[in-house]
Protein chains: 2
Amino acid sequence: MDDEKKSRHSANVTADDVALAAGVSRWTVNRAFKKAASISPKSREKVMTAAEALGYVPDLRAASLASDRSNLVALLIDDFANPHKLVMLERLTRALRRKGWDTLLVNTLDREDAAPAILNASQRRVDAAILIGIQFDDDVLEAALRARRFKKLIIFARTSENPDTISISVDDIKATQEIAAYVLARGYKRPLFLAGPRTYSAHLLRLETFVDSWQRATGDTPENISVAEYDPILAADAAYKTLSALPPQARPDIIVCENDALAIGTIDTIRHRLGLRVPQDIAVIGFDDVPQAESPNYRLTTYRQPLTDMANYLVDVLESAEDIDFDRTFTGRLVTRESA
Amino acid sequence: MDDEKKSRHSANVTADDVALAAGVSRWTVNRAFKKAASISPKSREKVMTAAEALGYVPDLRAASLASDRSNLVALLIDDFANPHKLVMLERLTRALRRKGWDTLLVNTLDREDAAPAILNASQRRVDAAILIGIQFDDDVLEAALRARRFKKLIIFARTSENPDTISISVDDIKATQEIAAYVLARGYKRPLFLAGPRTYSAHLLRLETFVDSWQRATGDTPENISVAEYDPILAADAAYKTLSALPPQARPDIIVCENDALAIGTIDTIRHRLGLRVPQDIAVIGFDDVPQAESPNYRLTTYRQPLTDMANYLVDVLESAEDIDFDRTFTGRLVTRESA
DNA sequence: AATGCTATTGCACGCGCGTGCAAGAATCGG
DNA sequence: CCGATTCTTGCACGCGCGTGCAATAGCATT
């Protein structure tokens, strides 16, 4: 109709149009779209029908600009090899969306692009950044902190000693102690710990805790090996190399893996390349409880993190305004299946 | 300093502040941040140093609002079980970011929340929506189309007959014919096709093509079974049920799977639950070439989609303004390993 | 019917930047 | 050294909505 006023932009229907159609002011229109607004049921109804007819929905960019609150978080991820990340993405996006938050997915795998990507997210004025990657401690984390626009920087499912950071994770020490106790109780004698990259101190926690617990209980120091990435293929190779070099009587009777990705690669290797049985010849324990762990072909004993609770807590943290110390660890549980 | 004018909002440093510090106008400041802007090297430098000192970066929300171009795409995904999706996320986010696009991750797994989530993305005025899920044909796709704000609706790595949609995918027919020819050439006699959900017509393409090709070449009609989801666990169960019911001489000598997730579950079952060898007793072929396929434990023969090319093409589509028919299929290649 | 109170509504101003054009500065040939 | 070009720069106006307060309408009470 009046396409004069629609100057440059492709005739967007705006709150003004709806206001005109509904016979109210623009502000009433926008109020109709907020749940906790003071508006009479009548006018809300009028507005809504008019809006429906015109195909109007509020523009979140403008809302964000005006309110200085974007309801957007950046999800930084640098690990696309571990299927468990997919589970985390699902849980996080779901929990966030439930409370009206949107998720900007930022790929920081390529270290060159990581800093620009983070900067870019900050230019979208995200309200927080969530890290669910691996190698964040160094450059990436620093870049994220330097782009000082993140009101909150949350490390999810990993501990971090950085004080500028909110860490939401499972209690690794408690978890690993539980695993060690289980291994002991089941009568295993020669555990081997298969760890991920050793570069970052936080990653050593499970390894150290396991070694400590075992030493304390038995006096023996368990062997351990580590791989450069959390990759089942690398785990498979590392396990093969170690195990095939050992005479049968010197073989570990259980391999405790830092996570399920490593555990699955290990099981595959034990069976196919070494021709041994799991758990009869060598048992395996993982960590995370990925979907595959439940498969009849793995039946992996593993430690499940309460991801949903953690995600919900994360959203609570986002919503709360105070600037207190939000760090929190959760307790998961050992899921015992047939692999150990 | 002058915190009077910073009224409600937490003293954001804006282009005006930088302009003041650099002794230029606000417009010059913003020009300095666009690569293709007419600005003298001198003033750009002045602006940049001032910006650096003040910690200024342009606000993309405001830019988007003013220009009616968000440089944001919504990535709709409803499948978090297949690790291949993680690879797709990596490739897509990388290709997009390279050209200045950001990615909004929208979880449409929960059918209840799918429509609101899509609506919400449209309220962020994303420039396009990309679907990389599975069950999109019906409600979700319709919801996406109904939220008529997506300038482009792209179906990635899957064909779609919907005319309002841009489909970027691998040529399934060609690919499956190549697989069928390979199976034939390797001398297999009794193939079994393991398919995914049958609900959506597009998914039947590989199955139908394989059956057709095989019939044409041999006169025989291959058996086929299907599972309700692309889930290795379901595939494992289905394969077990079918194979264990068959006497050895009636067993298929090769199982052609609609994708790698199914193939991996199948291999696990053949080995562990049936105690048979791959490929000597039963060979297996997949589709996608997930990272696991390369593992020494699987060595899966599979069909690799040129994901990077496809992602780059997708970005090209986003950048081009014309409203032509962008549908395009790519040709991948059969990666032969030891599983078949 | 007047009064007092609360539930609704309207509005001025601002959020930070892009567009398109016009004014000003720099450059060049003769 | 001057007028003609070409670069740079500045600016009015608008993008669509939120905030906080003032104005108004609605309602029950006496």
Find the distance B:R125:CZ to D:dC15:P and express it as a whole number of Å.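 Roughly 14 Å, once rounded to whole Å.
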Short side-chain N/O contact to [N] OP1/OP2 from [X], under 4.0 Å:
| X | N | result |
| --- | --- | --- |
| B:N12 | C:dG16 | yes |
| B:K34 | C:dC17 | no |
| B:T14 | C:dC17 | yes |

Counterpart residues, salt bridge (charged side-chain N to carboxylate O under 4.0 Å, His left out), relative to B:R98 (two or more places apart): A:D110, A:D113
Considering residues at least two apart in sequence or located in another chain, which fulfil the side chain to side chain contact (heavy atoms under 4.5 Å, CB included) criterion with A:R97?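 Partners of A:R97 by the side chain to side chain contact (heavy atoms under 4.5 Å, CB included) criterion, ordered by chain and then number, come out as A:D102, B:A117, B:N120.
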Under the ring pair (Phe, Tyr, Trp, His ring centres under 6.0 Å) rule, what pairs show up with a residue in residues 100-122 of chain A, not counting sequence neighbours? none
Would you please test B:D59 and A:L65 for side-chain contact (heavy atoms from CB on, under 4.5 Å) and show each step? CA-CA 9 Å; B:D59 185 326; A:L65 186 57; 4.1 Å; yes
Checking side chain to side chain contact (heavy atoms under 4.5 Å, CB included) between B:L92 and each of B:T103, B:I132, B:L307, which is the one that passes?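 Looking at B:T103, B:I132, B:L307, the match for B:L92 under the side chain to side chain contact (heavy atoms under 4.5 Å, CB included) is B:I132.
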Residue A:E45 excluded, over 12 heavy atoms near CD under 6.0 Å: no
Of the nucleotides D:dC17, C:dG18, C:dG16, which has the atom closest to the B:A62 side chain? C:dG16
Please list, pair by pair, any protein nitrogen or oxygen found under 3.5 Å from a nitrogen or oxygen in nucleotides 23-25 of chain C.
none

Quick one: side chains of residues 28-36 of chain B, donor-acceptor pairs under 3.5 Å with protein atoms, not counting sequence neighbours, listed by atom name and distance.
from, atom 1, to, atom 2, distance (Å)
B:T28, OG1, B:S25, OG, 3.2
B:N30, OD1, B:Y56, OH, 3.2

When you check every protein heavy atom under 4.0 Å of nucleotides 5-12 of chain C, what one-letter string (B, S, -) results, 5' to 3'? ---BBBBB
In sequence, state the C-alpha distance, the side-chain angles, and the governing distance for A:F330 and A:Y313, and then conclude on ring pair (Phe, Tyr, Trp, His ring centres under 6.0 Å). CA-CA 10 Å; A:F330 287 73; A:Y313 176 69; 5.7 Å; yes
